[in-house]
There are 2 protein chains.
Amino acid sequence: MADEQDHRYLSLRDQSATIPLQHLRYAVVSAEYGSFRRAAEALLTQQSTLSRGIRELEESIGVIVFERSSGGVCATSAGRDFLRTARSILEQMDALVTYSQV
Amino acid sequence: MADEQDHRYLSLRDQSATIPLQHLRYAVVSAEYGSFRRAAEALLTQQSTLSRGIRELEESIGVIVFERSSGGVCATSAGRDFLRTARSILEQMDALVTYSQV
DNA sequence: AATCGTTACGTGATGCGTAACGATG
DNA sequence: CATCGTTACGCATCACGTAACGATT
């Protein structure tokens with residue numbers, strides 16, 4: 001019960017886990033603001049929700065994306081790589097929804 | 001109540017709707033198999049679940065992705081464009097989860 | 001002591017499975 | 001008439017909001 005990783009994202013059996021896109025957005029916006037609280041405001045949600053979301057995200061990929069402090073958050077170097085792909089995914093998803101087709 | 005579109009995917013207020021990645025996978029695999037039933041089998045889920053998922057997906061983007069028939073399904077031309085981006089998104093997500101970083 | 005992030009807890013929403021139905025070759 | 005897709009219904013799960021807590025400057 002210590003370092004156990006609960007597989008929250010394994011919706012399908014063994015064929016590729018997925019991270020909720022909302023969690024990706026949480027991370028991207030948090031990086032932009034350097035703050036969970038600000039990001040939560042911007043996304044019209046609760047900071048507890050955002051905090052949990054990012055925690056789950058980090059557990060699922062086994063990478064710490066943000067360095068926490070009382071002054072806010074800052075992306076780690078591994079986190080920066082993660083965020084680049086996350087942005088790309090979100091952009092493609094936006095295109096998919098907005099234009100119906102690329 | 002006729003041609004109303006229920007905004008199932010608008011999880012955030014107005015800042016970009018998202019399509020559950022699972023629904024993207026439903027569509028991609030269905031296209032590969034040419035059949036909802038087969039795709040559901042392959043994805044270890046129910047064909048009713050898959051059918052609903054794709055229906056919701058199509059309503060959310062306002063595009064019919066599949067042509068249904070008693071013999072199975074076939075992607076429309078608009079659907080093919082959609083599926084190309086969907087595959088790309090899923091690939092990037094897999095990379096994100098598998099390698100933790102790109 | 002004020003601000004920021006974390007955690008606990010209860011509830012409302014919703015996605016899913018079971019099952020019945022419709023349609024088409 | 002057999003096979004495939006659709007729809008109805010009920011339930012279990014889970015994500016969220018409220019609220020209390022810990023820590024750092």
Side-chain angles (χ1 to χ4, degrees), chain A residues 1-13 15 17-27 29-60 64-76 79, chain B residues 1-2 4 6-13 15 17-27 29-60 64-76 79:
Chain A
M1 65 171 93
D3 49 358
E4 286 245 33
Q5 184 168 334
D6 47 354
H7 310 278
R8 237 174 272 252
Y9 294 151
L10 296 174
S11 45
L12 302 177
R13 197 54 51 111
Q15 29 204 357
T18 67
I19 302 173
L21 291 172
Q22 203 164 19
H23 290 187
L24 261 54
R25 208 174 296 272
Y26 288 167
V29 176
S30 293
E32 287 173 356
Y33 282 92
S35 160
F36 283 176
R37 177 172 295 268
R38 296 260 188 142
E41 274 183 46
L43 292 170
L44 301 173
T45 189
Q46 231 57 26
Q47 73 266 21
S48 65
T49 298
L50 192 145
S51 177
R52 252 183 290 115
I54 292 186
R55 166 68 55 109
E56 290 169 8
L57 185 157
E58 290 174 326
E59 284 174 353
S60 76
I64 300 298
V65 178
F66 291 102
E67 197 104 33
R68 276 85 159 170
S69 77
S70 295
V73 299
C74 181
T76 63
Chain B
M1 65 170 94
E4 286 245 34
D6 48 353
H7 310 278
R8 238 174 272 255
Y9 294 152
L10 295 173
S11 46
L12 301 178
R13 195 56 48 112
Q15 30 205 353
T18 67
I19 302 172
L21 291 172
Q22 205 165 17
H23 290 187
L24 261 55
R25 208 174 296 274
Y26 288 167
V29 176
S30 293
E32 287 173 357
Y33 283 92
S35 160
F36 284 176
R37 176 173 294 268
R38 296 259 189 141
E41 274 183 44
L43 291 169
L44 300 173
T45 189
Q46 231 56 26
Q47 74 266 22
S48 65
T49 298
L50 192 145
S51 177
R52 253 183 290 116
I54 291 185
R55 166 68 55 111
E56 290 169 8
L57 186 158
E58 289 175 326
E59 285 174 351
S60 75
I64 300 299
V65 178
F66 291 103
E67 197 105 32
R68 277 86 160 170
S69 77
S70 296
V73 299
C74 182
T76 62

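Every value quoted in this text rests on a predicted model; they were computed, and no experiment measured them. Just so it is clear: chains get the letters A, B, ... in the order the sequence lines come, proteins before strands, and each one is counted from 1. Values reported hereafter were calculated over all heavy atoms of this structure, with side chains retained and with hydrogens, waters and symmetry mates removed.
You won't find any donor-acceptor pair under 3.5 Å spanning the side chain of B/Arg52 and the base of D/dG5, going by distance alone.
The shortest side-chain heavy-atom distance between B/Thr45 and B/Gln22 does not fall under the 4.5 Å cut-off. Counting heavy atoms from C-beta on, the side chains of A/Thr76 and A/Glu58 never come closer than 4.5 Å. In this structure the side chain of A/Leu24 reaches within 4.5 angstrom of the side chain of A/Leu57, judged on heavy atoms.
Between the CD1 atom of A/Ile54 and the P atom of C/dT7 there is a distance of 13 Å, given to the nearest Å. Distance, B/Glu41 CD to D/dT3 C1': 13 Å, rounded to whole Å. The CZ atom of B/Arg55 sits 19 Å away from the P atom of D/dC4 (whole-angstrom rounding). Counting to the nearest Å, the C1' atom of D/dT6 and the CZ atom of B/Arg68 are 9 Å from each other. Between A/Glu56 atom CD and C/dA8 atom P there is a gap of 13 Å when expressed in whole angstrom units. One interatomic measurement links the two molecules: CZ of B/Phe66 to C1' of D/dC4, which rounds to 15 Å at whole-angstrom precision. One atom, CD1 of A/Ile19, and another, P of D/dA15, lie 14 Å apart when rounded to the nearest Å. Summarising the geometry, the separation between CG on B/Leu50 and C1' on D/dT7 is reported as 15 Å, rounded to the nearest angstrom.
Dashed line: the shortest gap from a side-chain N or O of B/Arg37 to OP1 or OP2 of D/dC4 is under 4.0 Å. OP1 and OP2 of D/dT3 both lie 4.0 Å or more from every side-chain N or O belonging to B/Gln47. In this structure, A/Gln46 reaches the D/dT18 phosphate: one of its side-chain N or O atoms is under 4.0 Å from OP1 or OP2. The phosphate of C/dG25 (OP1 or OP2) has no side-chain N or O of B/Ser70 nearer than 4.0 angstrom. Taking side-chain N and O atoms only, A/Ser51 has no distance below 4.0 Å to OP1 or OP2 of C/dG5. Contact annotation: B/Ser35 side-chain N/O to D/dG5 OP1/OP2 distance is under 4.0 Å. For A/Tyr26, a side-chain nitrogen or oxygen approaches OP1 or OP2 of D/dC16 to under 4.0 Å.
Closest of all the heavy-atom pairs between A/Leu50 and A/Ser30 is CD2-OG, 3.4 Å. Shown here for B/His23 and B/Gly53, the closest heavy-atom pair between the two residues is ND1-O, 3.4 Å.
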Reading DNA chain C 5' to 3', what string of ( ), [ ], | and . shows its pairs, if Watson-Crick and G-U wobble pairs count only when both distances fall under 3.5 Å? |||||||||||||||||||||||||

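For A/Glu32, the CD atom is densely surrounded, since the number of other residues' heavy atoms within 6.0 Å is greater than 12.
Checking D/dT7, D/dG5, D/dC16 against the side-chain heavy atoms of B/Ser48 singles out D/dT7 as nearest.
Looking only at distances, no side-chain donor or acceptor of B/Ser51 sits under 3.5 Å from a matching main-chain atom of B/Gln47.
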